[in-house]
Amino acid sequence: MHRHASSARPSGLVPGAPDPEGESPAAATLRPEPGGADHPGSGARTWRTDIRRAIRRAARPGPWKRGPILAALALLLGLLLLLHAKITDRAGLGSLVETFLPWFGLFIPLLLASALWRRSASAVLALLLPAVVWTNLFGGLLNDKSHSGGDLTVVSHNVDADNPDPTGTARRLTVSSADVLALEEITAQARPFYERELATAYPYHTVQGTVGLWSRLPLSDIRPVDLKMDYGPLGDTKPLDVKMTYNRALRTTVATRQGPLAVYVAHLGSVRVLPRTGFWTESRDRGAKALAQALAAEQNERVVLLGDLNGTTDDRAFDAITSRLRSAQDAAGDGFGFSWPAKFPVARIDQILVRGVKPAGSWVLPATGSDHRPVASGISW
């Protein structure tokens, strides 16, 4: 009996035969997966992704866009150093800034470190302004310009009215090799101690109120200098002997081998930082003006000013003085020569200023029992 061919056919699909839906296996293999690259709309999504990435890259701050605040601070610092003389002196602001002007240079390395950490090219570039200005103002003080020798050594020291050991202070000063020694803030109680300890080394001396001068060389033409500590109707009514008890400046002539030398000793009025009025400098500024007038009237071409001026030579209050005399520290010192306060000096308010002579060296002496450090200078003709 013959079998039908249809009965031998397997129930599964024959290889290569179309599936029930009419699609061959090869066609099924080539069919794109849902969401693939060839899927409708996938090109648009890729294009939008590329656009977003490009926008993010463009918006990302580069080295010139980073640190705008640092750059602004650097420029402000440079302008402050450059235009400090233009700062208003209302409430003493200008004088206060100028007193500590060198210390503003500390902000330069701090800003530089911040700019490098932020990788801000604009901030680094902006820092060139304060760096150049500060170097121009104070860079010369970083070099040691002092020289040994000199025809005359002068020393100035505010010995402090509250000095617990005036005898010890006087003994320390005698080993300074000073030819001329100026002391400020001498009290009536401490005066005998200074006179006794300094008598052997300095045969010539004068004390006018709270300031004095001790010298190895003869003195002449000694007189007080009125710093206008008392002014107005009330001050005018005080007798001279009363005013002399707290006189704060003197002028004398020292007889040197090279000729007469006019020497001024001055202790200008104190300054105060007050909560309501700010940096109070009225007494000091009035005294600086009076001292400038006395120096302007001085006939001797050779002049030395020694004293505690309660301010730095950068302070605008001393423009009338520094225009006639120059700082020994600036001309022949080593560093800034800070003298106050003695434990950690931050400002040079004790000054040696000269005219008609040449500073050979300028230095700061070790601390004594005072809250100031002594300052010294060798001068030549």
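Index from 1, following the sequence. All values below were derived from every heavy atom in this structure, side-chain atoms included, with hydrogens, water molecules and symmetry-related copies excluded.
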Give the other cluster members for Ile352, using side-chain heavy-atom distances under 4.5 Å between Ile, Leu, Val, Met, Phe, Trp and Tyr residues; answer none if it is isolated.
Leu152, Val154, Val180, Tyr204, Val211, Leu213, Leu217, Leu219, Ile222, Leu250, Val254, Leu261, Val263, Val265, Val304, Leu306, Val354, Val357, Val364, Val375, Ile379, Trp381

Rounded to the nearest 0.5 Å, how far does CG of Asn310 lie from CZ of Phe318?
7.5 Å

Is it the case that more than 12 heavy atoms not belonging to Gln258 sit under 6.0 Å from its CD atom?
yes

For Ser327 and Asp330, indicate whether the former's side chain and the latter's backbone hold a donor-acceptor pair under 3.5 Å.
yes

Under 6.0 Å from the CZ atom of Phe107, do we count more than 12 heavy atoms belonging to anything else shown?
no

Verify the neighbour count for atom NZ of Lys145: are there more than 12 heavy atoms of other residues, nucleotides or ligands below 6.0 Å?
yes

Side-chain donor-acceptor distances from residues 72-86 under 3.5 Å, at least two apart:
| unit_1 | atom_1 | unit_2 | atom_2 | d |
| --- | --- | --- | --- | --- |
| His84 | ND1 | Glu98 | OE2 | 3.0 |

Decide yes or no for Leu141 and Phe336: does some side-chain heavy atom of the first lie under 4.5 Å from some side-chain heavy atom of the second?
yes

Can you check whether Leu173 reaches Leu183 side chain to side chain, under 4.5 Å on heavy atoms?
yes

Whether Asp179 side chain and Thr153 backbone form a donor-acceptor pair below 3.5 Å:
yes

Leu93 versus Phe279: any side-chain heavy-atom pair under 4.5 Å?
no

To the closest 0.5 Å, what do you measure between CZ (Arg355) and CG (Asn300)?
7.5 Å

How far apart are the C-alpha atoms of Val207 and Glu195, what are their side-chain angles, what is the distance that settles it, and do they pass the side chain to side chain contact (heavy atoms under 4.5 Å, CB included) test?
CA-CA 9 Å; Val207 176; Glu195 289 181 326; 4.2 Å; yes

For the student: nearest non-hydrogen atoms of Gly150 and Ala360, plus distance
CA-CB, 4.2 Å

Give the minimum heavy-atom separation between Thr252 and Ser220, together with the two atoms involved.
OG1-O, 3.0 Å

Using the side chain to side chain contact (heavy atoms under 4.5 Å, CB included) rule, take Ile87 and Arg316 through it: C-alpha gap first, then chi angles, then the decisive distance, then the call.
CA-CA 10 Å; Ile87 298 175; Arg316 66 193 68 186; 4.1 Å; yes

For residues His205 and Leu198, determine if any side-chain heavy atom of one lies less than 4.5 Å from a side-chain heavy atom of the other.
no

Heavy atoms of other groups near Arg119 CZ, more than 12 under 6.0 Å
no

Minimal non-hydrogen separation, Arg302 against Gly356, with atom names
CG-O, 3.7 Å

Charged tip of Arg348 within 45° of Phe338 ring normal and under 6.0 Å
no

If two hydrophobic side chains count as joined below 4.5 Å and joins carry through other members, does Leu106 share a cluster with Leu137?
yes

Examine distances only and state if a side-chain atom of Arg216 and a backbone atom of Ala178 form a donor-acceptor pair shorter than 3.5 Å.
yes

If you take all heavy atoms of Pro192 and Ala188, which pair is closest and at what distance?
CD-O, 3.4 Å

Dump the intermediate steps for side chain to side chain donor-acceptor pair (under 3.5 Å) on Thr368 and His157, then the final yes or no.
CA-CA 10 Å; Thr368 67; His157 188 29; 2.8 Å; yes

Just by distance, with hydrogens left out, do Ser370 and Asn163 show a side-chain donor and acceptor under 3.5 Å apart?
no

Please check if Ile108 and Val124 belong to a single hydrophobic cluster, counting links between Ile, Leu, Val, Met, Phe, Trp and Tyr side chain heavy atoms closer than 4.5 Å.
yes

Identify whether Ile69 and Leu128 are in the same connected component of the hydrophobic contact network (ILVMFWY, side-chain heavy atoms under 4.5 Å).
no

If I take atom CG from residue Leu268 and atom NZ from residue Lys228, how far apart are they, to the nearest 0.5 angstrom?
14.0 Å

Which atom names give the shortest non-hydrogen contact between Ala170 and Glu197, and what distance separates them?
CB-CB, 3.5 Å

Gap separating the OG1 atom of Thr281 from the CZ atom of Arg286, nearest 0.5 angstrom
10.5 Å

Between Asp89 (side chain only) and Gly94 (backbone N and O only), is there a donor and an acceptor less than 3.5 Å apart?
yes

Under 4.5 Å between side-chain heavy atoms, counting indirect links through other Ile/Leu/Val/Met/Phe/Trp/Tyr residues: same cluster for Phe138 and Ile349 or not?
no

Can a donor-acceptor pair be found, under 3.5 Å and without considering hydrogens, that links the side chain of Asn247 to the backbone of Ala249?
yes

Do side-chain atoms of Glu185 reach the backbone of Ala161 as a donor and acceptor pair under 3.5 angstrom?
yes

Does the side chain of Ser156 pick up a donor-acceptor pair with the side chain of Glu184 at under 3.5 Å?
yes

Sidechain-backbone polar pair: Thr167 side chain, Phe193 backbone, donor-acceptor under 3.5 Å:
no

Polar side-chain atom of Trp214 near backbone of Ala201 as donor-acceptor pair, under 3.5 Å:
no

Taking every heavy atom of Arg284 against every heavy atom of Ala317, the minimum-distance pair comes out as NH2-CB, 3.4 Å

Quick one: CZ on Arg272 to OG on Ser283, what's the gap to the nearest 0.5 Å?
9.5 Å

Grouping I, L, V, M, F, W and Y whenever their side-chain heavy atoms are under 4.5 Å apart, do Tyr246 and Val271 come out in a common cluster?
no

For the backbone of Arg66 and the side chain of Ser122, can you confirm whether one donor and one acceptor N or O come within less than 3.5 Å of each other?
yes

Step through the shown structure and confirm whether more than 12 heavy atoms of other residues, nucleotides or ligands are within 6.0 Å of CZ on Arg118.
no

Could you go through Arg251 and Glu298, starting from their C-alpha distance and side-chain angles, then the distance that decides it, and tell me whether this counts as salt bridge (Lys or Arg N to Asp or Glu O under 4.0 Å)?
CA-CA 10 Å; Arg251 186 266 184 212; Glu298 175 59 51; 3.0 Å; yes

Asp315 side chain near Leu309 side chain, heavy-atom distance below 4.5 Å:
no

Heavy-atom donor-acceptor pair, Ser176 side chain to Arg172 backbone, under 3.5 Å:
no

Inspect the surroundings of CH2 in Trp134 and state if more than 12 heavy atoms from other residues, nucleotides or ligands are less than 6.0 Å away.
yes

Hey, does Asp151 have a side-chain heavy atom less than 4.5 Å from the side chain of Thr256?
no

How long is the span from the CG atom in Leu305 to the CD atom in Gln351, to the nearest 0.5 Å?
8.5 Å

